[in-house]
Student: 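Below is one structure. I have some questions about it.
Atoms within a ligand are numbered from 1 in the order they appear, just like the ligands themselves. Since we're looking at a predicted model, the values are computed, not measured.
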Amino acid sequence: MIRQLLSAGTDTSSITVEWGIAELLGHPTVATKLREELDSVVGKDRVVNETDIISLPYLLAVTKEVFRLHPPTPLLIPHQSIEATVGAPQGFELPKSTRMFVNVYAIQRDPMVWERPLEFDPERSMKNPEIDVRGAHYQLLPFGSGRRQCPAMGVGILFVQMGLARIMHSFDLSLPQAQDPENLDITERFAINVWLATPLHVIAKPRLSKNLY
Ligand code: HEM
């Protein structure tokens, strides 16, 4: 049980934060806007706390967009039908005991659902805050949906928000050897989780006063 919780709870959050930092390095305008929000809400005399999260709408939009393009568990966990079912709305039949994988990775990049699906653009959630990372509308469901969705969804979202917020607020980030972020290798390595094939290396320079580290 403890092992299950550790494996379900640690890789998922850390992978998502790593993808988030990679996307922010590749999208400096988004990174600047996020830092401006953090500086205006938190200031520069303390670090981000959990109680700040509710006042950071742009951070939420960035987090949703990271979960959309990089769901850490791209096929969820296999599900099996208990009885024969007729799926809506097309009415396809699902025999009893069918094992199913839900391809969340494809749903979240589906051009029939998303405009410019491959573009990392938190503005889509700013313009439409109804976009729901908790899977209510089956368009964005990194935690699954319904009764068997991730039981730790709330804490999972918070881990990612806190990880991104603390790193972006506390450090200026750059790539080693003045590498151009446009050339960052974001090849994906598919397994149960989707990892960055080349682990991300960044130089983190403190941007708050020394006593906060
Ligand atoms: C970014 C963070 C996380 C993501 C994206 C995530 C995603 C998921 C997904 C997709 C599932 C399968 C849902 C399904 O197949 O319908 C799942 C199940 C599960 N998750 Fe998470 N998770 C995260 C964090 C956590 C954390 C922090 C914990 C525990 C501390 C946790 C514990 C579990 C457990 C125990 C299950 C199995 C539930 C079952 O068997 O019904 N997860 N998670």
Student: Counting from 1, what ligand 1 atoms have a heavy atom of A152 closer than 4.0 Å?
Tutor: 25 (C), 26 (C), 28 (C), 29 (C), 31 (C), 42 (N)
Student: Below 3.5 angstrom, do we get any N/O pair linking I77 and ligand 1?
Tutor: yes
Student: Pick from F143, W19, Y105: which one makes a ring pair (Phe, Tyr, Trp, His ring centres under 6.0 Å) with F67?
Tutor: F143
Student: Regarding N49 and T51, do their side chains bring together a donor and an acceptor under 3.5 Å, going by distance alone?
Tutor: no
Student: Could you check whether E188 pairs with R109 (Lys NZ or Arg NE/NH1/NH2 to Asp/Glu carboxylate O, under 4.0 Å)?
Tutor: yes
Student: Are I53 and L60 connected in the hydrophobic side-chain network, where two residues link if heavy atoms are under 4.5 Å apart?
Tutor: no
Student: Which atoms of ligand 1 are found less than 4.0 Å from any heavy atom of P72?
Tutor: 5 (C)
Student: Using a strict 4.0 Å cut-off to heavy atoms of P142, name the atoms of ligand 1 that fall inside it.
Tutor: 5 (C), 7 (C), 10 (C)
Student: For L118, does the CG atom have more than 12 heavy-atom neighbours from other residues, nucleotides or ligands under 6.0 Å away?
Tutor: yes
Student: Hey, is H79 one of the residues with a heavy atom under 4.0 angstrom from ligand 1?
Tutor: yes
Student: For ligand 1, indicate whether the residue S13 contacts it via side chain, backbone, both or neither (heavy-atom separation under 4.0 Å).
Tutor: both
Student: Tell me whether the count of non-hydrogen atoms from other residues, nucleotides or ligands lying under 6.0 Å of CZ in R148 goes above 12.
Tutor: no
Student: Whether the E23 and H70 side chains hold a donor-acceptor pair (N or O, under 3.5 Å, no angle test) is what I'd like checked.
Tutor: yes
Student: May I ask which of G144, P71, S14, P151 has a heavy atom nearer to atom 19 (C) of ligand 1 than the others do?
Tutor: P151
Student: With a cut-off of 4.0 Å, which atoms of ligand 1 are near a heavy atom of G156?
Tutor: 2 (C)
Student: Measuring from atom 40 (O) of ligand 1, which candidate in R148, M100, Q149 has the nearest non-hydrogen atom?
Tutor: R148
